[in-house]
Protein chains: 2
Amino acid sequence: MAYRRTPAVQERLDATRAAIVAAAHALVAERGYAGCSVALVASGAGVATGTVYRHFPDKGALFAEVFRAATQREVDAVAASAAKPGTVAARIEVSVETFARRALKAPRLAYALIAEPVDPQVEAERLTYRRAYRGIFAALVADAVAAGDLPAQDPEVSAAAVVGAMAEALVVPLHAGVASQRVVPELTAFITRSIGATP
Amino acid sequence: MAYRRTPAVQERLDATRAAIVAAAHALVAERGYAGCSVALVASGAGVATGTVYRHFPDKGALFAEVFRAATQREVDAVAASAAKPGTVAARIEVSVETFARRALKAPRLAYALIAEPVDPQVEAERLTYRRAYRGIFAALVADAVAAGDLPAQDPEVSAAAVVGAMAEALVVPLHAGVASQRVVPELTAFITRSIGATP
DNA sequence: CCAAGATATGAATCGCGGTTCACTTCATCA
DNA sequence: TGATGAAGTGAACCGCGATTCATATCTTGG
């Protein structure tokens, strides 16, 4: 036995893997999923095509990881907003604002995460992502309904509808590349009314 | 000049074209866009693969037409509901019900029209489709706001959010194949509240 | 019925990007 | 330093399904 993986090597390995993920993320954020070939990712990371396959079994697995990471960041930001103190209406409002503002700040990425056609492996990641958002809003609504602050409603359906409303209201601006901040207050008002909250 | 296209031939040509479109529609409704190859469509229509290309320049054009037709039927149904007499709240309610009920009755088709990954040419059709829905709801909201029946709001943003809410609230049931009619009243209540209508 | 031209056929082709793998380079350790 | 084996390389390969096109079949008008 004349070789064992050394900490220094492991570190380089980890760095390469991270570089690949970072390159893939940058590409998605810049030109969307459609503009991402494995060869391009590799070149962006400064490695050969084959090297990508020493770190990921296939393209889907790579992009699933990219989506997962990008998504987690978004979900965490919204969850943090939802966890702030205040009335349900205020918390919903600030959560919607967080979601919308972040999306409008990185429109190409947001479009890729929300609406761009992707392959099934990545689509599965997207469903997880939407479920996470639904979960945040469903919990908020359920608590408020239980406390009598909101009228009776199915929190799951309301939460899904909230997520859909946010996504759809932003898709056109995102796709058009128009960063119309103007939709944000309209959207928060819409959603506040939709769950029966009084601001 | 020893040949001219005769009415009988034109009729047969039209019939073949219609058979191709019908076969493509049936396939989409049965297994979604992903399960549709040109060869399969041709076989379903009882013609050879090449014949498809005598009627359509490429696959995208064929499916764009299929989407357009399927979509138009849906939009017309919703528009008819929106045009019924009654209060805005009642008309919105019946429109949402129409949309949801029809979607749940043909879930695979609805999923394909609403959310399934499709190629760009067809995606463009989908945007048109969503714009048509937005238009229906935007007109309804705009009229009601002008008449003082709804609070001030941007009809375009509200309409987009309504469409998004409908789509998202139905995607999970559609994808799961679960025809849960239960979401319909929840959804109509949500949307009624969202635009500020009092039922 | 024949010539001219349109239409139908489906096997062969083609393009594309994901994936592989024979080979090179590098790291480890006795 | 050399033997051992891991990591890296990138050109070649491959699978898949859209598209083509040489050929066969059908229609028409004379």
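Labels below follow one simple rule: chain letters A, B, ... track the order of the sequence lines, proteins then strands, and each chain is numbered from 1.
- Atom CG in B/L40 sits roughly 15 Å away from atom P in C/dG10 (whole-Å rounding).
- Checked for salt-bridge contact, B/R182 and A/D154 meet the test: a charged N lies under 4.0 Å from a carboxylate O.
- The residue among A/A8 and A/V38 whose nearest nucleotide of DNA chain C is located toward the 5' end is A/V38.
- The side chain of A/T49 approaches C/dT19 more closely than any other nucleotide in the set C/dT19, C/dT9, D/dT27.
- Across the protein-nucleic acid pair, B/D119 atom CG and D/dA18 atom P stand 10 Å apart, rounded to whole Å.
- Listed pair A/R5 / D/dA7 meets the phosphate criterion, a side-chain N or O lying under 4.0 Å from OP1 or OP2.
- Closest of all the heavy-atom pairs between B/V41 and B/I20 is CG1-O, 3.8 Å.
- Comparing B/P7 and B/P57 by the nucleotide of DNA chain D that holds the closest heavy atom to each, the one mapping nearer the 5' end is B/P57.
- Nucleotide D/dG17 holds its C1' atom 15 Å from the CG atom of B/L27, rounded to whole Å.
- To the nearest 0.5 angstrom, A/L170 atom CG is 6.5 Å from A/I114 atom CD1.
- In this structure, CD of B/Q10 is placed 20 Å from P of D/dC26, rounded to the nearest angstrom.
- Of the candidate nucleotides D/dA18, C/dT7, C/dG18, C/dT7 has the atom nearest to the side chain of B/R54.
- Under the 4.0 Å criterion applied to side-chain N and carboxylate O atoms, B/E93 and B/K84 are not assigned as salt-bridge partners.
- Distance B/E11 CD to D/dT28 P: 12 Å, rounded to the nearest Å.
- For A/D58 and D/dG15, the CG to P distance is 17 Å, given to the nearest whole Å.
- Out of C/dA8, C/dT19, D/dT9, the shortest distance to the side chain of B/L13 is found at C/dA8.
- Atom OH in B/Y53 sits about 15 Å away from atom P in C/dT9, given to the nearest Å.
- Between A/T51 and the phosphate of D/dT9, there is a side-chain N or O to OP1/OP2 separation shorter than 4.0 Å.
- Distance from the side chain of B/R12 is smallest to C/dT7 among C/dT7, D/dG10, D/dG8.
- OP1 or OP2 of C/dT28 sits under 4.0 Å from a side-chain N or O of A/T6.
- In this structure, B/K59 atom NZ and D/dA18 atom P are separated by 4 Å, rounded to whole Å.
- Rounding to the nearest 0.5 Å gives a distance of 11.0 Å between CD of B/Q121 and NZ of B/K59.
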